[in-house]
Amino acid sequence: MLEIKFVRQNLSKVQEALAKRGNPIDLDVFKSLEEKRRKILSEIEALRHRRNLVSDEIAQMKKERKDAMERVTEMRGVSSRIKDLEKDLSQTEESVNQFLLNIPNIPDASVPLGKDSSENPVIKRIGKIQDVGFKIKSHWELGEKLKILDFERASKITGSRFPLYFGAGARLERALINFMLDVHTSEHGYTEVLPPFIVNRQSMTNTGQLPKFEDDLFKLHGWDYFLIPTAEVPVTNIHQGEVLAEDLLPIRYTAYTPCFRSEAGSYGKDTRGLIRQHQFNKVELVKFTTPETSYDELETLLQDAESILSRLHLPYQVVTLCTGDMGFSAAKTYDIEVWMPYQGVYREISSCSNFEDFQSRRANIRFKQKGKKGTELVHTLNGSGLAVGRTVAAILENHQQSDGSVRIPEVLKSYMGGIEVIRP
RNA sequence: GGAGAGAUGGCCGAGUAGGUCGAAGGCGCUCGCCUGCUAAGCGAGUGUGGGGCGAAAGUUCCACCCCGGGUUCGAAUCCCGGUCUCUCCGCCA
């Protein structure tokens, strides 16, 4: 959420920034609501001031055993007037708030201008794409032939877009989770977290999934709870409402969680394989930083995610999301895209973002500098490190051999109980 | 699921016959003094958010003692509802 004062004082700047993102918003409604809110508020405060003064007077008169009836009667009127205004105020505040909650973040100045994903500049490509000299199979074909993936049976159990792994496939998924967590905790300085997989409405609102994107979430019947679409939600909300000591920052957490997404509106897209599922596993990286360091921390966050791909010998590229392609809460985002040889395209496998104070304002996460007055909002960041199902897909396709077997990357061997190749 | 106890400032902890309580006291922290160093000691200060005035220091007003309602001229204090935590019983991986 943007700061109300900032929006009020920078109407045209905000409007311009939102136009760049491709979601123009008419701020006139906001302007008049906000004026109304401030007008009512100052009237209420004046009346409350008066009431406070006279109430003290009444107390004094009672002490001196004087008759205070006249004042009491007067204050009855004042109090009921206040009550009416308060009702009006809370309605207006609610409207202003709803408006603000639906305004996306303002892109950082370094974010390239563009209308959609076709305009995301590639900033680097790592790893060689080799011509293997045989016909590349898709990961779903490999998975089914190797008897490690079974999409048909998964749909019997639940429906379409749910994964079912067997044997070395299940082991590979688990190996990747452990490998990623181990690297991030022991080499990159993150603290491992295992959070709830179900969160309440407030947490979803704090990180920006709500109120706008409820259709993308799975909601629990009879509860105001939701399945998490990413560990970002529970992990960022660990510190909601807290004032952190500055010397604790930056805080770095990594968490494995399953992720649940309704994928509303994606009918027909990526219908085969592991790319787009209602349930998938992900290892997430989350940081809380000071405003001064958040952009440096975004760069190292990106490196931390990249290092997983390098160690798995998977070719990838990094793009900067342009203004028109960024998520609602982000101020700047890098996507890491892994090479998927069957389709011959790079596919998103990690998304690393700096949210600046957009989430921390909603979640009220602050820090305090020693010896300094007041508090300041932290900056929050997160990135996938990595999406596990897509990593399995990438390993299958990139490390397949002409006989339909798949080589396990060296770094995973110890996690795979010595399995070096998955064979039919 | 049943019974009970509790929720106060960065932390601990007073405050219930409603009025000068934004809240005692302690700890912590900041600044100053003192002191071979450290510790101790002494003095002063020290919540958050919003608004007005001010270049700033500051000053002033409003709100906040878990959350939401209610009673009242006036609520941290009384009433109702909710959330969370703890204890006991039951059940359970």
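Predicted, not measured: the structure shown is a model, and the values here were computed from it. Atoms considered below: every heavy atom in the structure, side chains included; atoms not considered: hydrogens, waters and symmetry mates. Below, read A as the first sequence line, B as the second, and so on, with proteins coming before strands; counting in each chain starts at 1.
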Using atom [atom1] of each nucleotide, how far apart are [N] and [M] to the nearest Å?
| N | M | atom1 | answer |
| --- | --- | --- | --- |
| B:G45 | B:G58 | C1' | 15 Å |
| B:A76 | B:C21 | P | 12 Å |
| B:A39 | B:U35 | C1' | 11 Å |
| B:G18 | B:U77 | P | 12 Å |
| B:U83 | B:U20 | C1' | 34 Å |
| B:G13 | B:U8 | P | 9 Å |
| B:A7 | B:A44 | C1' | 33 Å |

If the threshold is 4.0 Å, N to carboxylate O, is there a salt bridge linking [X] and [Y]?
| X | Y | result |
| --- | --- | --- |
| A:Glu16 | A:Lys13 | no |
| A:Glu337 | A:Arg347 | no |
| A:Glu376 | A:Arg366 | no |
| A:Glu43 | A:Arg81 | yes |

Pairing check on [N]: which nucleotide meets the Watson-Crick or G-U wobble criteria with it, both distances under 3.5 Å?
| N | answer |
| --- | --- |
| B:A44 | B:U30 |
| B:G18 | none |
| B:A57 | none |
| B:U71 | none |
| B:C86 | B:G4 |
| B:G36 | none |

Calculate the interatomic distance between [X] atom [atom1] and [N] atom [atom2]; express it in whole Å.
| X | N | atom1 | atom2 | answer |
| --- | --- | --- | --- | --- |
| A:Arg8 | B:G50 | CZ | P | 10 Å |
| A:His49 | B:C61 | NE2 | C1' | 6 Å |
| A:Asn52 | B:C21 | CG | C1' | 13 Å |
| A:Asn200 | B:G82 | CG | P | 18 Å |
| A:Glu74 | B:G74 | CD | C1' | 14 Å |
| A:Leu53 | B:U20 | CG | C1' | 13 Å |
| A:Glu246 | B:U30 | CD | P | 13 Å |
| A:Lys368 | B:C11 | NZ | P | 13 Å |

Considering every strand and a 4.0 Å limit on heavy-atom distances, what is the contact class for [X]: base, sugar-phosphate, or nothing?
| X | result |
| --- | --- |
| A:Lys39 | nothing |
| A:Gln60 | base |
| A:Arg48 | sugar-phosphate |

Does a side-chain heavy-atom distance below 4.5 Å link A:Val235 with A:Glu284? no
Apply the salt bridge (charged side-chain N to carboxylate O under 4.0 Å, His left out) test between A:Arg50 and each candidate in A:Glu45, A:Glu57, A:Glu74; give the one that qualifies. A:Glu74
Given [options], identify the nucleotide with an atom nearest to the side chain of [X].
| X | options | answer |
| --- | --- | --- |
| A:Ser55 | B:G19, B:G49, B:G50 | B:G19 |
| A:Thr375 | B:U48, B:G51, B:A63 | B:U48 |
| A:Ile58 | B:G52, B:C62, B:G19 | B:G19 |

Name the residue closer to the 5' end of RNA chain B, choosing between A:Ser42 and A:Val243 according to the nucleotide with the nearest heavy atom. A:Val243
